[in-house]
Amino acid sequence: MKSLNIDANTGVASTPLSLLIDRVELTNYQGKVQDIFPVVATVSIIESLYSPSLLFELGIKDQSNLIEDLPIIGQEKITIIARRKGLNELEEREIQLTFFVTEIPSYSRGENNNEQLYVIKGISEFAFKNSFMTICRSYREPSSTEIQKIFVNDLKLEEDKFNVLGNDLSKSKGVINIQRPLAAAEFFKQAAYDDKGSPFFLFQTLNGNVNFISLSKLVSAQENPQYGKDFFVSKIGNKRPGTQEEYTETSKNIIKLGSKLNLTKYKQAAAGAFASENNFLDWSDKTYQPKIYDFDADIDREASTLDQQKVFSEQFTINNLSLNKIPTSHSEYLSVNKQAFTEFDNYGASQGKSRFKTNAYHALLETFTHDIRLPGDLQLNAGRKIRINFPKAKDPATLSQADLTDELISGLFIITSCSHSIEGGKYFCDLRIKRDSFGIDLEAEEVI
């Protein structure tokens, strides 16, 4: 596989679809290192808000009997070293990531008996170590602190590679039962919430950092500013080829759009987005306390949503009730024991303070979902905030210049996953993006 339209010495890309891969080093079980880039057909590195580790996949087109000569037995490390700098960019962007092979799931041969095709999959080193250890100990710190201990002390991640963003208010006392470190991290993540009641995500990005960040910080304009480009669907390029203007315009185009919008109030309501009844039974004194969640009363739209607009209309009712007044749409029961410890909550009591809100925020993030392919960019990462502009499905000649954009489905989105893919020498980013609010005011007298 060759890197197209890129200077091998400077790393300068003449098109946004170019990435210079310097080496793909495979270290076998004997410690032997070999650059296997000449036999690599495809590369995919996946980052996701819902995965603590990067995922890695190589497609190998082998005509040199590499699998036997090294040999490859499933106990390998793979290091990818890549870089790129666009036209007139001052700083070069680069990555160097090492993955441990987890499986070689497929192998095939075609009509050419001298060629064999197989796939190699891998994960980050700390995630690989996770499968070979268990932990069991007491805890009493906030979730963010306990998770950091797991990554730094148990999984040996460098301390400066673990980032926390958001004021984690969860704090409880208890015991981690015998389990894998990442399972324990997930246990703590489920209980974490910030001062807005929003949940936290635990994920790794292309720079190698593991991030524990609250949703309200991801949507915040100050903490997570909008990505530098606005992306356009079906934008026709008219710049002279080979110029910086043509490069910039091409880098903003959406190459492919195949969305499953998931635009459903029915499922969101069932997940607790708009209203819910939350029932807490305290085993210590046999008391029962309900908490009724109401979107209007409990969600701070201006501080913790992308476009600050309401995602449902109160004009649509069920039995004369708007969606935020029907708590039976989502019912939850949670056991607490407030007297289990003095001066400390147990896990259930800590969760009870925010469970209804964290459920709601997760459900609201499903308001819109798009799957898109963009020109490759090493800075398109999970958790980044980007703007997508969809043209109206009307003849542009009938519209004013200021009225060309479909404001309902356009707007700000959070990247929930990004697959950095190199196919045939071309570099793409396949994104799943989500949003929690609309770009239009449903409460206005006339929306359109």
Side-chain angles (χ1 to χ4, degrees), residues 1-3 8 11 19-47 51-83 94-110 112-135 150-162 180-182 204-210 378 419-425 427:
M1 180 176 66
K2 296 182 179 180
S3 299
L19 178 70
L20 179 65
I21 297 181
D22 289 316
R23 296 177 63 83
V24 178
E25 296 180 346
L26 186 147
T27 304
N28 76 351
Y29 70 99
Q30 298 169 318
K32 180 181 178 182
V33 180
Q34 182 168 331
D35 181 11
I36 64 169
F37 181 60
V39 300
V40 172
T42 61
V43 179
S44 181
I45 303 174
I46 302 171
E47 44 184 320
S51 172
S53 169
L54 295 173
L55 306 177
F56 182 64
E57 184 175 307
L58 283 183
I60 304 295
K61 190 175 183 180
D62 183 8
Q63 295 177 322
S64 57
N65 206 39
L66 183 73
I67 197 167
E68 179 189 25
D69 291 346
L70 266 175
I72 298 174
I73 66 170
Q75 290 180 284
E76 292 79 35
K77 295 188 297 183
I78 293 178
T79 300
I80 181 168
I81 304 166
R83 56 193 168 97
E94 60 181 26
I95 61 168
Q96 179 170 331
L97 295 166
T98 297
F99 299 90
F100 280 59
V101 171
T102 54
E103 60 176 325
I104 304 174
S106 62
Y107 174 91
S108 64
R109 290 199 181 202
N112 183 359
N113 285 330
N114 296 325
E115 182 178 273
Q116 52 192 347
L117 308 174
Y118 47 94
V119 172
I120 299 176
K121 293 186 176 183
I123 55 178
S124 299
E125 181 178 4
F126 67 83
F128 189 84
K129 290 178 180 178
N130 173 73
S131 296
F132 297 92
M133 65 176 70
T134 57
I135 59 175
I150 290 171
F151 274 84
V152 175
N153 299 340
D154 299 311
L155 298 175
K156 306 304 180 184
L157 181 75
E158 296 176 28
E159 189 169 2
D160 62 355
K161 287 288 187 180
F162 190 87
R180 303 290 185 203
L182 289 182
Q204 188 178 23
T205 42
L206 206 60
N207 58 9
N209 291 346
V210 175
L378 296 177
S419 175
H420 299 267
S421 302
I422 303 171
E423 305 169 3
Y427 174 33

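For this chain, numbers begin at 1 and follow the sequence in order.
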From CZ (Phe100) to OG (Ser53), nearest 0.5 Å: 11.5 Å
Sequence-distant partners of Glu159, side-chain hydrogen bond (donor to acceptor under 3.5 Å, both in side chains), two or more places apart: none
Residue pairs, two or more places apart or on separate chains, that pass salt bridge (charged side-chain N to carboxylate O under 4.0 Å, His left out) and touch residues 25-40: Arg23-Glu25, Arg23-Asp35
Contacts of Tyr427 that satisfy ring pair (Phe, Tyr, Trp, His ring centres under 6.0 Å) - sequence neighbours left out: none
Minimum heavy-atom distance between Lys61 and Ala41, given as atom pair plus value: CB-CB, 4.2 Å
Pro181: partners by side chain to side chain contact (heavy atoms under 4.5 Å, CB included), with sequence neighbours left out: Asn130, Met133, Ile135, Ile150, Leu155
Side chains of Ser419 and Ser421, donor plus acceptor under 3.5 Å: yes
Sub-4.5 Å side-chain heavy-atom contact between Leu70 and Gln34: yes
Side-chain donor/acceptor of Ser124 to backbone N/O of Phe126, under 3.5 Å: no
Evaluation steps, side chain to side chain contact (heavy atoms under 4.5 Å, CB included), between Gln96 and Thr79: CA-CA 7 Å; Gln96 179 170 331; Thr79 300; 4.0 Å; yes
By side chain to side chain contact (heavy atoms under 4.5 Å, CB included) - contacts of Ser106 (at least two apart): Val119
Heavy-atom donor-acceptor pair, Asn65 side chain to Glu68 backbone, under 3.5 Å: no
Side-chain donor/acceptor of Glu47 to backbone N/O of Leu54, under 3.5 Å: no
Any residue meeting side-chain hydrogen bond (donor to acceptor under 3.5 Å, both in side chains) with Asn209, in chain and number order, not counting sequence neighbours: none
Exercise: identify the closest heavy-atom pair between Val210 and Pro52: CG2-O, 4.3 Å
Sequence-distant partners of Glu115, side-chain hydrogen bond (donor to acceptor under 3.5 Å, both in side chains), two or more places apart: Gln63
Reported CZ-to-CG distance for the pair Arg180 and Asp154, which is rounded to 0.5 angstrom: 13.0 Å
Partners passing salt bridge (charged side-chain N to carboxylate O under 4.0 Å, His left out) against Asp62 (at least two apart in sequence or in another chain): none
Aromatic ring pairing Tyr107/Tyr118, orientation class (parallel under 30°, perpendicular over 60°, tilted between): parallel
Any residue meeting side chain to side chain contact (heavy atoms under 4.5 Å, CB included) with Ile78, in chain and number order, not counting sequence neighbours: Val24, Leu26, Phe56, Leu58, Val101, Ile120
Short side-chain to backbone donor-acceptor contact, Gln30 and Asn28, under 3.5 Å: no
Partners meeting salt bridge (charged side-chain N to carboxylate O under 4.0 Å, His left out) with Lys129 (sequence neighbours left out): Glu125
Side chain to side chain contact (heavy atoms under 4.5 Å, CB included) partners of Thr27, counting only residues at least two apart: Val33, Lys77
For the student: nearest non-hydrogen atoms of Gly74 and Ile104, plus distance: N-CD1, 4.4 Å
Sub-4.5 Å side-chain heavy-atom contact between Ile73 and Gln75: yes
Residues forming a side-chain hydrogen bond (donor to acceptor under 3.5 Å, both in side chains) with Tyr29, sequence neighbours excluded: none
Stepwise side chain to side chain contact (heavy atoms under 4.5 Å, CB included) check, Thr42 with Val40: CA-CA 6 Å; Thr42 61; Val40 172; 6.0 Å; no
Chi angles and distances behind the side chain to side chain contact (heavy atoms under 4.5 Å, CB included) call for Leu378, Leu19: CA-CA 9 Å; Leu378 296 177; Leu19 178 70; 4.2 Å; yes
Gln116 versus Leu66, closest heavy-atom pair with distance: NE2-N, 4.4 Å
Ile45 vs Leu206 side-chain heavy atoms within contact, under 4.5 Å: yes
